[in-house]
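One structure is given here, and the rest of the page talks about it.
Below, read A as the first sequence line, B as the second, and so on, with proteins coming before strands; counting in each chain starts at 1.
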Number of protein chains: 2
Amino acid sequence: MQHGAEILLSLFAIFVAAQVGAEIAQRLKLPGVVGEIVAGCAIGPSALGLVRPEQIAAGTPLDVLAEIGVVLLLFAVGLETRLDDLKKVGRSALLVGVLGVVVPFALGALWAHGNGFEWTRSLFVAAAFVATSAGITARVLQELGVLTRIEARVILGAAVIDDILAMLLLGVVTSLQGGEGINVKGLLFVLAQAVGFVVVIGWVGSRVMRRRAHWLDRPINPLSPLTIALAICLGLAYLSTEFGLAAIIGAFLAGMIASEVPQREELEHQMQPLLALLTPFFFVVTGAKIDLSVFASADALWMLAIATLIAIVSKLVGGFLGALSLGARSALIVGVGMVPRGEVGVVIASLGLAAGVFSNQTYAVIVAMSLLTSIVTPPVLSLLLARDRDAGTPPPGPAARL
Amino acid sequence: MQHGAEILLSLFAIFVAAQVGAEIAQRLKLPGVVGEIVAGCAIGPSALGLVRPEQIAAGTPLDVLAEIGVVLLLFAVGLETRLDDLKKVGRSALLVGVLGVVVPFALGALWAHGNGFEWTRSLFVAAAFVATSAGITARVLQELGVLTRIEARVILGAAVIDDILAMLLLGVVTSLQGGEGINVKGLLFVLAQAVGFVVVIGWVGSRVMRRRAHWLDRPINPLSPLTIALAICLGLAYLSTEFGLAAIIGAFLAGMIASEVPQREELEHQMQPLLALLTPFFFVVTGAKIDLSVFASADALWMLAIATLIAIVSKLVGGFLGALSLGARSALIVGVGMVPRGEVGVVIASLGLAAGVFSNQTYAVIVAMSLLTSIVTPPVLSLLLARDRDAGTPPPGPAARL
């Protein structure tokens with residue numbers, strides 16, 4: 001009868017740690033998500049050890065709960081984002097997405113080559129510098145209630161483009177490792193697939209939803225608008241992985257589609273308890289994956305500091321330049337919002353480790369770098385956005401609020 | 001980047017199957033939960049195979065999600081049950097609990113012995129006939145909105161007592177297998193622990209909650225009443241496994257404690273989306289565990305039919321006799337409500353298989369019996385309760401409604 005006792009203890013420990021961490025962070029005027037990540041770090045394998053490494057490996061129940069948490073989070077963010085609003089920022093988002101990939105990739109490759117990697121491997125390392133993880137920024141924007149600001153829309157739009165480009169880049173650098181050369185036709189096909197998926201789902205889905213919203217109320221279940229929306233969320237999250245994109249991109253699209261229905265406010269309201277229960281698992285598990293023992297060697301610490309600096313500066317510059325048409329201050333917010341690499345960097349690092357391209361130290365540094373960018377971003381973003389809000393001053397650019 | 005694609009597909013398939021199954025069942029005037037279990041059977045390994053056996057084994061992500069689902073369900077049921085209401089039915093619940101254990105244990109042992117098992121092994125088989133699984137009955141009672149009826153309270157109270165007795169019995173029969181004889185002192189200690197846990201948590205928890213409900217609103221997080229309640233739910237679910245009880249007993253106690261606060265209605269409301277997302281995993285996984293291939297042999301089919309009949313009749317008689325003071329019709333409802341064995345029978349069968357006490361066929365029969373009782377109960381219970389409601393007649397016993 002002791003069925004599942006250990007996992008229940010982990011669930012309890014993680015959930016309570018998240019609540020305590022978020023509470024302390026918010027009392028210190030920091031975003032709650034910082035507290036949740038730090039709490040994960042504290043109860044994780046490299047500190048208190050309440051959660052063991054094999055409990056948070058890929059495919060474990062806690063990892064799956066974390067995945068469900070971030071999928072629901074991006075769905076909820078999508079719910080607050082309408083396609084028409086996103087279209088208005090299309091050009092800025094595209095520019096931010098492209099420059100936010102090119103600059104980190106170039107700087108990352110130079111740094112890796114400078115550290116003694118041959119060029120093909122350097123490009124693999126550089127790929128880990130590229131992909132923004134929208135989850136952390138989205139949570140901060142949501143906590144501050146600024147998801148309707150133009151900067152938020154540019155960031156979310158750019159995150160979709162960023163993910164498509166990162167996926168392409170990963171395809172290129174992976175094929176380079178095998179020395180096979182680049183299959184241009186194959187890559188164009190992959191690109192067409194991914195873009196096609198986003199455009200078709202976004203456009204067709206929004207149109208269908210707008211006209212057929214009453215379908216959501218047809219089932220007997222009084223909660224049917226929610227259950228149908230959740231089914232679409234899980235379905236598109238899966239489908240987007242089939243098209244080579246992150247699951248959260250599909251979830252975001254599902255939310256955006258669902259935002260077209262009149263039951264939208266009800267859905268937003270019903271998502272709150274789901275987010276309250278499940279997103280903490282994502283942020284605590286993210287924190288628990290940080291291997292603090294990396295910091296024991298001065299050499300690795302130095303490497304980590306440089307890598308993190310390059311990761312932050314390159315994304316900041318790329319995002320800033322891309323969004324410059326919104327005015328300097330808004331461009332800065334966009335640049336900061338694009339900084340977190342989160343789990344995408346971790347995934348690429350794992351691929352590199354598995355393929356024998358990275359040493360254990362390189363792997364640890366890239367993972368720690370990805371997570372450090374996630375810890376550093378929320379307070380800065382929060383500060384930049386809160387100052388605007390507290391002062392009540394109009395934002396600098398003429399179009400900075402819609 | 002294909003990270004977690006397979007699990008997302010399973011989540012989607014299970015969730016959609018549950019919605020479709022529940023919808024069809026409800027249109028056929030059956031409880032939605034029947035549709036969810038049958039849908040699980042349909043997409044499970046022995047039919048469509050959309051979910052593979054190794055995906056629903058103990059400790060897998062889907063199994064953990066199912067566990068979270070049933071824990072949340074019993075928490076929500078606890079929220080609708082106040083300690084004072086439960087106390088009023090204490091004597092009936094105790095009688096139902098005790099007779100509902102004694103009769104199935106005796107008949108189960110006789111049947112097993114008649115099938116050629118030696119006495120010590122027969123007692124192990126009999127233990128699998130004992131434990132009522134409150135999850136399925138609770139869901140039916142909740143769907144029909146009759147959780148405040150006296151029969152519902154007797155069933156829920158009896159389920160707690162039933163679980164304590166089943167746990168004791170499992171201790172006895174397990175120690176008998178080793179030929180060590182029964183350690184009476186040890187068993188009394190186990191009994192005292194389990195009863196102590198339920199009484200102390202129920203009594204102290206309710207008092208603390210009544211006086212300190214304002215603590216739930218202290219954190220900055222506006223959803224703090226919910227997050228604190230969920231933390232208590234996970235914590236007590238874990239603790240109850242440490243005291244040898246099922247996790248759902250702790251979750252039920254947590255809900256009962258939380259029902260004392262003025263934020264209770266808000267909590268009930270916020271639990272709805274959580275139940276909508278997570279309980280389908282419990283019922284679909286329960287259904288998917290049914291091995292239909294058992295039905296291929298006439299011999300096993302016959303054994304299953306007899307075992308199921310004994311399981312149903314023995315529990316029905318035990319529960320009926322225990323609740324007779326409520327009047328015949330209410331006693332019948334209580335008896336039917338106690339019939340489902342659900343996952344507890346499955347757990348005991350697994351223990352028996354692992355200990356080499358059962359053959360594969362006995363195991364399959366006991367698992368199928370446990371699950372058949374779960375499929376059979378909801379429509380009958382629903383019929384018995386709906387007839388009262390539709391006719392608008394007062395229930396037969398003078399105290400049948402509180």
Side-chain angles (χ1 to χ4, degrees), chain A residues 1-9 11-12 15-16 18-19 22-23 26-27 32 58-65 67-68 71-72 163 166-167 170 219-221 223-224 226-228 230-231 234-235 237-238 241-242 244-247 270-278 280 343-344 347-348, chain B residues 1-9 11-12 15-16 19 22-23 26-27 32 58-65 67-68 71-72 131 163 166-167 170 219-221 223-224 226-228 230-231 234-235 237-238 241-242 244-247 270-278 280 343-344 347-348:
Chain A
M1 301 258 212
Q2 306 294 329
H3 179 52
E6 194 194 7
I7 186 79
L8 283 167
L9 180 59
L11 295 176
F12 175 68
F15 192 73
V16 170
Q19 304 309 321
E23 183 70 19
Q26 286 178 308
R27 297 210 176 223
T60 56
L62 292 178
D63 182 59
V64 169
L65 277 174
E67 174 92 358
I68 297 174
V71 158
L72 292 177
D163 208 61
M167 185 249 339
L170 190 65
I220 291 175
N221 184 348
L223 286 173
S224 64
L226 178 67
T227 54
I228 294 176
L230 288 174
L234 290 172
Y238 163 67
T241 64
E242 282 293 305
L245 297 168
Q270 290 169 329
M271 285 306 292
Q272 294 308 315
L274 290 174
L275 299 183
L277 176 66
L278 291 161
E343 78 289 2
V344 189
V347 170
I348 294 182
Chain B
M1 299 259 215
Q2 307 295 329
H3 179 54
E6 194 195 7
I7 187 79
L8 283 167
L9 180 59
L11 295 176
F12 175 67
F15 191 73
V16 170
Q19 305 308 320
E23 182 70 19
Q26 287 178 306
R27 297 208 176 224
T60 54
L62 292 178
D63 182 60
V64 170
L65 277 174
E67 174 95 0
I68 297 174
V71 159
L72 291 177
D163 208 60
M167 185 249 339
L170 190 65
I220 290 176
N221 185 348
L223 287 172
S224 64
L226 178 67
T227 55
I228 293 176
L230 287 174
L234 290 172
Y238 163 68
T241 64
E242 283 293 304
L245 297 168
Q270 290 170 329
M271 285 305 293
Q272 294 309 314
L274 291 174
L275 299 184
L277 176 66
L278 291 162
E343 78 289 1
V344 188
V347 170
I348 295 182

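Looking only at heavy-atom pairs under 4.5 Å with chain B, the residue among A:Pro61, A:Ala231, A:Ala237 that has the most is A:Pro61. Put simply, of A:Leu65, A:Leu9, A:Leu226, the one with the most heavy-atom pairs under 4.5 Å next to chain B is A:Leu9. When each of A:Val16, A:Leu62, A:Ile68, A:Val71 is scored by its heavy-atom pairs under 4.5 Å with chain B, the top score falls to A:Ile68.
To the nearest 0.5 Å, the span separating CG on B:Leu8 from OH on A:Tyr238 amounts to 9.0 Å. Taking CD1 of A:Ile220 as the start and CD of B:Glu23 as the end, the distance is 5.0 Å to the nearest 0.5 Å.
Only the side chain of B:Ile7 comes within contact range of chain A, with heavy atoms under 4.5 Å apart. Heavy-atom distances place the backbone of A:Thr60, and not its side chain, under 4.5 Å from chain B. At a 4.5 Å heavy-atom cutoff, the contact between A:Gln19 and chain B is made by side-chain atoms alone. Of the atoms belonging to B:Gln272, heavy atoms from both backbone and side chain fall under 4.5 Å from chain A.
Partners of A:Leu277 by side chain to side chain contact (heavy atoms under 4.5 Å, CB included), not counting sequence neighbours, listed by chain and number: A:Phe15, B:Leu72, B:Leu230, B:Leu274, B:Leu278.
A pairwise comparison of heavy atoms in B:Thr241 and A:Ala5 identifies OG1-CB, 3.4 Å as the closest pair. When all heavy atoms of A:Leu223 and B:Ala276 are compared, the pair lying nearest together is CD1-CB, 3.8 Å. Contact between A:Pro219 and A:Ile228 at its shortest, heavy atoms only, is CG-CD1, 3.9 Å.
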